[in-house]
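Residue numbers start at 1 and run along the sequence shown.
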Amino acid sequence: MHVQAFFTAPFRLRTWKETAYAVVALPLGIAWFTIFLTLGTTSLSLIVFVVGLPLLAAMLWLARVAGRAQREVAGALLGVRIPGLPSGAPEGRPFRRFLQPLVDLSTWRAVVYLLIFAFPVGLVLFLAAVVLWSVALTSVTAPAWYFTISPEDRGDVFGTVIDAPWEWLVLVGGGLVLVFVTPWIIRALTAFDVLLMRALLGPTHGELERAAAASAEQRDRAVAAAAGDRRQIERDLHDGAQARLVSLAVDLGRARRRLEEGGSSEEAADLVRSAHEEAKQALAEIRDLARGIHPAVLTDRGLDAALSSLAARSPVPVSLRSELGSERPPEEVESAAYFVVAEALTNVARHSGAERAAVSVVRDDGVLVVEVRDDGVGGADAATGSGLVGLQDRVGALGGTLVVESPPGGPTAITAVLPCE
């Protein structure tokens with residue numbers, strides 16, 4: 001600790017932010033202790049009944065929310081960034097995803113902090129901040145107000161009457177020492193609380209390593225998918241539009257030679273007509289190829305119009321529900337959402353045997369939820385190497401999740417959750 005830092009601590013904004021955190025830590029600790037003690041005892045007492053398990057799962061979901069709130073308060077007042085708990089990317093049916101926190105150790109760690117540590121640590125922080133600052137400021141300012149008290153009441157303030165100069169020196173000097181020492185005591189206590197939060201409200205080292213490995217794998221898959229898309233575009237151009245343009249050039253060359261050599265104008269006209277048809281086909285193929293890369297309607301008119309266009313072109317009747325709000329999502333999120341719907345509707349038309357499909361795109365609470373359902377035969381599986389793998393890579397590259405529910409016999413539901421902030 002530098003001497004200058006020691007003597008300037010009481011005048012720094014950081015000190016008073018840490019003091020504010022120490023003050024709010026107690027009411028937060030009381031709130032978390034009361035909520036989770038009540039929910040925990042209630043759910044455990046009802047565990048033998050059906051309602052106990054969902055109630056316990058709801059408490060654990062609330063623990064994740066409460067842990068995030070605690071981290072936000074610490075970030076705002078202490079200036080520390082504590083990573084959030086890993087999401088776990090639960091898969092399966094909704095009820096199974098709801099119960100997922102029951103086997104999530106990181107969520108149970110959050111409960112340990114909120115139920116066991118938040119209240120006593122908050123109490124110590126609150127008492128240290130209030131008592132130390134009160135004593136320090138009272139002692140330093142005593143000469144300014146002590147003599148305004150009636151002589152018979154002066155002994156009640158400090159437990160004794162202060163008359164001798166050395167008593168004033170001890171009182172004021174001790175107060176000054178506390179003024180400069182208190183910030184460091186509070187800082188040490190808040191640092192201890194931060195250590196607890198990092199250990200219990202944040203991911204462990206192993207979880208961080210697994211998340212980093214998953215992110216690296218996701219990035220590699222996204223790069224591989226992009227390379228595959230590029231090769232596919234090259235093949236499509238070579239086998240489709242390029243071949244038609246070559247045929248177009250040959251027909252036009254033959255027509256020109258017929259006209260230059262004074263040949264039959266009717267034969268030249270037939271060649272021009274053939275070239276015209278080839279040109280139209282090449283334009284159509286290039287237009288379809290461009291739409292597969294990034295449709296113009298998505299850029300010009302947004303996701304709602306692009307999805308309406310997809311639904312209109314689908315051979316299977318599609319109902320569309322779109323709640324995007326007034327502000328457009330980021331471009332990369334719009335693109336990912338569009339291709340999720342496009343690939344899903346393509347699979348519906350080709351493989352599902354469905355009679356109808358439903359598309360829902362809803363923006364809520366910082367995420368974009370895209371859902372495509374059909375009443376087909378089911379059996380879709382991303383693990384078989386279908387186009388769903390590419391969708392998982394595209395969605396995962398944005399930090400989102402893609403869940404496929406497609407039991408044999410149907411129905412099929414594909415849900416993508418994309419961060420949208």
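The CG atom of L56 lies 5.5 Å from the CD1 atom of I47; values are rounded to the nearest 0.5 Å.
A donor-acceptor distance shorter than 3.5 angstrom exists from the side chain of S43 to the backbone of G40, with no hydrogens or angles considered. Under a 3.5 Å cut-off, the side chain of D375 and the backbone N or O of E355 do form a donor-acceptor pair. Side chain of R14 to main chain of L78: no donor-acceptor pair is present (N/O by atom type, distance under 3.5 Å, no hydrogens or angles).
By the 4.5 Å heavy-atom criterion applied to side chains, V370 and V341 are counted as neighbours.
Applying the ring pair (Phe, Tyr, Trp, His ring centres under 6.0 Å) test to F119 and every residue at least two apart in sequence or in another chain returns F33. Remark: T38 engages T34, T42 in a side-chain contact (heavy atoms from CB on, under 4.5 Å) (not counting sequence neighbours). Taking S314 as the reference, nothing meets the side-chain hydrogen bond (donor to acceptor under 3.5 Å, both in side chains) condition, with sequence neighbours excluded. Residues satisfying the ring pair (Phe, Tyr, Trp, His ring centres under 6.0 Å) criterion with F180, sequence neighbours excluded, are F7. Applying the side-chain contact (heavy atoms from CB on, under 4.5 Å) criterion to V131, with sequence neighbours excluded, gives V135. A357 is linked by a side-chain contact (heavy atoms from CB on, under 4.5 Å) to V318, L345, V348, D374, counting only residues two or more places apart in sequence or in another chain.
For R328, the CZ atom is densely surrounded, since the number of other residues' heavy atoms within 6.0 Å is greater than 12.
Using a 4.0 Å cut-off between charged nitrogen and carboxylate oxygen, R68 and E72 do not count as a salt-bridge pair.
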